[in-house]
Amino acid sequence: MPSTTKTPEADIRPSLRRAVGTGQFFTLAFGTIIGVGWIIYLGYWLAPAGPLGAAIGFGAGTLLIALIGLCYAEMASMFPVSGGELAYAFEAFGTRASFATAWILAFIYTAVAGWEGIAIGVLAENLFPNFGGPVLYTLFDTPVRPGNLALGVGVMAFMVWMNIRGVARAARLQDVLTYGFFALCILFIGAGLFFGDASNLGPALVRDESGSVLPGIIAAFVTAPFFLAGFDVIPQLMEERAPGTSGRSAALMLLVAVLGAGAFYILIIVSASMVVPWQRLLEFDRLPAATAFREAFSSPIFSRAVLAAGFIGILTTWNAVIIAASRVFFAMSRARMLPAFLGTIHPRHGSPSGALIFVGLLGGLGVILGEGAIAPLVGTATICFGIAFAIVSLGVIKLRRTRPDATRPYKVPGGVPTAGAAALAAGLFVVLALLDPYEPGGGIPTVWLLLVICLALGGVFWFASARHRKTVSESERRTLIMGREAPPA
């Protein structure tokens, strides 16, 4: 009769069910990256830069994010555990840096979940006129309506419920939605490229008052961390790899997703700008890409394909950021950095049910901010993701020097110089995102206020959890974070 005696590790370190395959790592990452922002944000890219400037800016941003992705691939294959950046920062820089990195990621993932709740209401209003109902209140100079709130909160509740029922169900849904998204994109992007008019792209670059095209390109470039950030959902799920799925193959899906998503964004910028003169896109209030295809082809088919793709994008991103946020909160709780209820695992489905409910509640509160919060959230998320990207890239450099003999199933090509370039790129994103909303005499930017709120809440949780953190030693905390996946210290 086999022994049922538990090891000490099993007593103190709860683990999640393993059910995510290699292909699902790709659909989770790509689906998270794409989302619906490209429908809403297209005019923000084009106005300062023009189609060529926006494409150059986003292409440059994609290449730099890919450098950061290389660092993530090394770390994810080296430490295949839940919480991703929590483990990487802990191993390289210790508990405080680990908490700070994980907190800003968990906060911004949860904020993005709320963002998706707002975006689905915006999309519904365009599909069904008068959907939202009367104005309840105005926030950020934008009206908030009861229909939008009900839809956002309702879908949030459904997503949380589905994830509580297990990551396997959530990953299968992501597969179906992502491949459906591909099919729709082939339809409308292909139509724009083959039947559009290249003359509509002129002038391809926008110049500022001094005659420079650089400010517009930078404006598109600086949004790349937000619109490509979904690749880091993969590190959050490495502990849940299905049997037979290698850490190396899962980590490489991260790079495939980044490059594929970057190509998609450039194609949508160019194709939408070809179907009508791109300046007209700026006249379309809320969903310029869908309106452009409808007007250009005098048919609702293509515009509805765009809106359907946007709706699918909302669901894929929403699903994945709920997964990512819950895993970070779960890993922090397991490491005794946050309250124990966030580390609760569902007894039947093996999901982090406590963290999922927490994310759903906070994300639901985010929905009440309304559409006016979209642009500030993009800026704040860029800063937060940039900080995390910099810490991970610097972590690669430090561990290459302090742990040169550690097992690395995947290694960053070029080693320390490549990781250094990635860290500089991440720092550049942070600086540009901090400076972008600032106008002399214009008061404190909303982006800065949201960042202060994020950091202040993190400080509150850090001090409130002091006693809980001290219930384990740093050696025991390492075991809680890494488990059997930890390489020798």
Side-chain angles (χ1 to χ4, degrees), residues 16-37 65-66 68-69 72-73 75-77 80-85 105-106 108-110 112-113 115-116 158-160 162-182 185 226-262 264 309 312-331 349-352 355-356 359 363 385 388:
L16 301 174
R17 187 165 296 172
R18 301 182 63 175
V20 183
T22 302
Q24 290 173 325
F25 277 104
F26 168 75
T27 59
L28 282 162
F30 185 88
T32 311
I33 293 171
I34 295 303
V36 72
I65 292 295
I68 295 166
Y72 266 82
M75 287 292 213
S77 66
V81 295
S82 289
E85 291 90 341
L105 279 175
I108 211 64
Y109 281 140
T110 305
V112 172
W115 191 97
E116 301 301 331
F158 169 77
M159 287 288 188
V160 169
M162 182 191 63
N163 273 280
I164 288 175
R165 292 179 61 81
V167 72
R169 285 183 173 86
R172 284 196 296 269
L173 174 64
Q174 193 82 353
D175 287 344
V176 172
L177 292 173
T178 301
Y179 293 123
F181 179 88
F182 285 150
C185 289
F226 177 80
F227 287 98
L228 292 170
F231 72 83
D232 53 335
V233 71
I234 287 179
Q236 318 311 333
L237 286 165
M238 290 295 284
E239 190 173 310
E240 297 171 73
R241 302 186 322 278
T245 300
S246 72
R248 176 184 171 84
S249 64
L252 287 175
M253 289 299 101
L254 183 154
L255 296 173
V256 174
V258 168
L259 295 175
F264 166 80
I312 290 173
I314 288 174
L315 297 180
T316 57
T317 300
W318 210 342
N319 181 42
V321 295
I322 287 173
I323 291 172
S326 63
R327 269 53 180 188
V328 178
F329 280 129
F330 166 80
H349 302 301
S351 60
L356 283 165
V359 170
F385 284 128

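Model, not experiment: these values are computed from the prediction. Values below: every heavy atom of this structure, side chains too, minus hydrogens, waters and symmetry copies.
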Can you see which heavy atom on [X] is nearest to which on [Y], and at what distance?
X	Y	value
A251	A76	CB-CB, 4.3 Å
P235	Y72	CG-CD2, 3.6 Å
A170	I323	CB-CD1, 4.0 Å
A242	A19	CB-C, 3.9 Å
P352	S326	CG-OG, 4.1 Å

- [ ] Report the residue from I312, I314, N319 that forms a side chain to side chain contact (heavy atoms under 4.5 Å, CB included) with L177.
- [x] I312

Less than 4.5 Å apart, any side-chain heavy atom of [X] and any of [Y]?
X	Y	result
I34	T316	no
I65	F231	yes
M238	I234	yes

TODO: Apply side chain to side chain contact (heavy atoms under 4.5 Å, CB included) to the pair T245 and V20, showing each step before the final yes or no.
DONE: CA-CA 8 Å; T245 300; V20 183; over 6 Å; no

TODO: Start with the C-alpha gap between I322 and L356, add the side-chain angles, then the distance that decides, and say whether side chain to side chain contact (heavy atoms under 4.5 Å, CB included) holds.
DONE: CA-CA 7 Å; I322 287 173; L356 283 165; 3.6 Å; yes

If I take atom [atom1] from residue [X] and atom [atom2] from residue [Y], how far apart are they, to the nearest 0.5 angstrom?
X	Y	atom1	atom2	answer
S249	F26	OG	CZ	14.0 Å
F158	L315	CZ	CG	8.5 Å
H349	N163	NE2	CG	11.5 Å

- [ ] Might you work through the side chain to side chain contact (heavy atoms under 4.5 Å, CB included) test for L228 and F385, ending with a clear yes or no?
- [x] CA-CA 10 Å; L228 292 170; F385 284 128; over 6 Å; no

Open item on the list: Once salt bridge (Lys or Arg N to Asp or Glu O under 4.0 Å) is applied, do any residues pair with E240, and if so which ones, sequence neighbours excluded?
Closed with: R327

Task: Verdict with supporting geometry, E239 and R18, side chain to side chain contact (heavy atoms under 4.5 Å, CB included) - done: CA-CA 7 Å; E239 190 173 310; R18 301 182 63 175; over 6 Å; no

Open item on the list: Using a 3.5 Å distance criterion without hydrogens, assess whether the side chain of S82 forms a donor-acceptor pair with backbone atoms of V328.
Closed with: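 Answer holds: no.
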
Open item on the list: According to side-chain contact (heavy atoms from CB on, under 4.5 Å), who are the partners of R248, at least two apart in sequence or on a separate chain?
Closed with: S246, L252, P409, Y410

Open item on the list: Going by the rule side-chain hydrogen bond (donor to acceptor under 3.5 Å, both in side chains), which residues pair with T27 if we only count those two or more places apart in sequence or in a different chain?
Closed with: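 For T27, the residues satisfying side-chain hydrogen bond (donor to acceptor under 3.5 Å, both in side chains) (neighbours in sequence not counted) are D175.
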
Task: Whether F30 and F182 hold their rings parallel, tilted or perpendicular, with breakpoints at 30° and 60° - done: tilted

